[in-house]
Amino acid sequence: MLPISHRRHILRAALATLLLLLGSTAAHAIPAYARQTGASCADCHAGSYGPALTPYGMRFKLNGYTDTDGKGHKIPLSMQLIESHSAPARGDSSTQLSEGDLYLAGRLTDQVGGYVKIEADHTGHNTYNPRLSNVDLRFVAKDLKVHGKDALLGVSVNNSPGFNDPIGALPSFSNLGPSGVTGTLLNPSSPNSLANRVIGASVYGLYDSNWYGELGTYRALPTSQQDRLGYNVAGDPGRLSDTGYFRLAYMKDMKRQFFSAGVVGLTTKRQLPRSGPSDDLTDLGYDLTYQYLGNREHIVQVAYVNILERRDYGSAPVIGGVQARDHGNVHDQTASVTYTFKQSYGLSVSHMKSTGSNDVARYGPSGSPDTTSNVLTVFWTPFGRDDSYTSIANLKLAANWFRFTRFNGRGDDIFFAPPGARPTNAGDLNAFFVTASLAF
Amino acid sequence: MLNPIVRQTLRLAAMALLAGGWALASPVRAGDAKAGADVFKSECAECHAVKEGRNKKGPSLFGIVGRKAGSVTDYEYSDALKQSPWTWTPQQLHTYLSQPAKIANPGTKMKYDGLTDAKQLDDLISYLDTLH
């Protein structure tokens, strides 16, 4: 079995990831895009602040971030500041400027555009750690015809599989993924996740406005480069080889409603640690989304993502006197519903579940990596609509409740406290956050 | 040779038939502008603003009814629309919006599949007529 100190390290890393993700759930609203297109924040994001995309926002992304109002070049820069108050169930509350972001985002030509986020996270003692967050650089050939139908073909260079997906339901973009002692490759909340520590390229196409397909490959950045880009090498995703990504989705925009159904796959051979044996990992998932948009007064967005990972381990070591299994599965599922009123007031509920095959050597005495958590968010975005004071800058005030009901396969004593020590229960990981995000 | 009276009668009948056919094919009825505002939000608002001088991916629709096509000075139109002789009368808007834009005006930048619901189209045009 893994030593307790190692399991605690995994937990700390998982929680740090979770807090970062929670802090940045509003982190994809880019006023530079609004200035470039003349559009409002609300045209691309139902709640006038990201990340959840409307069908129009999806098309903007598919077009390589190049759409414009035709009034010349705009400065492709935006900033975001996030002040947050966190109140964990166990531990001290704190209030701080938790994140500052710089976005280089916009069009270079009619066919080349991109999104680059540089993020500085508060790390305590008035210090901030800058890091290169999401990158998505695109070349796109628009207005093509295939068999008489409209088509689009593009290339995306990005650093997180799924982030560049137009639908935005996959965990890399939605920032919604179960956070636990293990997780799938496509889930950025997994320990040693690929997010922002890999670089890859994919070719994508849209046929007849409805059919989306993508094929790509990735490689892990050297640890020295991860370090230079602001990432602790302890979170290295390992050495990746023979990595392939595919995506196929059907999207139907009916103006007042939208739905999509898609499949996604990611396969790789991973050496973690890099000098260790190679594990064969294959993710296969599907996602379903629906949006009721109506006249934009009442918007409901529903998404369900189901990703199953098959693991064939390169070794089956004996840990703590127990033989590890030579193969296993991990299964991440996320369901979310968001209601937005007048493109300003919103309520969002998410349910996240990760389960895996039993392995006492790898996951501790319970043998289970299962995690279940929920997030409830209420928010208000006063600006960012056509009829608001400003349509190209915004503020988002949000209250978030994070709730764990299971961790390490258990509700109580999730770290297997030794006799006499105070046990930690899943509920002790609960937290309440209030965030004020300003984007301009 | 036909009697002039018969010729005139036939001419009038043909004109009446043409006018009747045209009216049947593309009637413009007074719509509900309030309902049209909702149609606008669903169908048009992502690409067009109603505020004067504010262009999005498409030009501002302030004062659209009665405006000459391709005439917003700070918007970069397609050649197809710049060269069109149209004035956006309710009838012309009805013709244009009831079919895919690429058929109504080949070469246009506007990507729109057309609004086939006749009532919604009448409501929308009535709403557009209020934007002055």
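Residue numbers start from 1 in every chain, and the chains themselves are labelled A, B, ... in the order their sequence lines are given, proteins ahead of strands. Quick caveat: nothing in here was measured; it's all calculated off a predicted structure.
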Task: Partners passing side-chain contact (heavy atoms from CB on, under 4.5 Å) against L288(A) (at least two apart in sequence or in another chain) - done: A261(A), Y286(A)
Note each donor-acceptor pair with a separation under 3.5 Å, taking one atom from chain B and one from chain A.
unit_1, atom_1, unit_2, atom_2, d
D38(B), OD1, N295(A), ND2, 3.0
D38(B), OD2, N295(A), ND2, 3.2
S42(B), OG, G294(A), O, 2.8
E43(B), OE2, R256(A), NH1, 3.0
E46(B), OE2, R296(A), NH2, 3.2
G53(B), O, K71(A), NZ, 3.4
R54(B), NE, G38(A), O, 3.3
R54(B), NH1, D386(A), OD1, 3.3
R54(B), NH2, G38(A), O, 2.6
R54(B), NH2, S40(A), OG, 3.3
R54(B), NH2, D386(A), OD1, 3.4
R54(B), NH2, S391(A), OG, 3.4
K56(B), NZ, D43(A), OD2, 2.7
K56(B), NZ, D386(A), OD1, 3.1
K56(B), NZ, D386(A), OD2, 2.9
K57(B), NZ, D67(A), OD2, 3.2
D74(B), OD2, K71(A), NZ, 3.1
K102(B), NZ, D150(A), OD2, 3.3
K111(B), NZ, D143(A), OD1, 3.0
Q120(B), OE1, R256(A), NH2, 3.3

TODO: Considering only heavy atoms and a distance below 4.5 Å, find which of A42(A), G38(A), A39(A) pairs most often with chain B.
DONE: G38(A)
Task: Pairs satisfying salt bridge (Lys or Arg N to Asp or Glu O under 4.0 Å), at least one member in residues 89-99 of chain B, at least two apart - done: none
- [ ] Sort V50(B) into side chain, backbone, both or neither according to what part of it lies under 4.5 angstrom from a heavy atom of chain A.
- [x] neither
- [ ] Please list, chain by chain and in numerical order, all residues satisfying side-chain contact (heavy atoms from CB on, under 4.5 Å) with L77(A), sequence neighbours excluded.
- [x] I75(A), L102(A), L104(A)
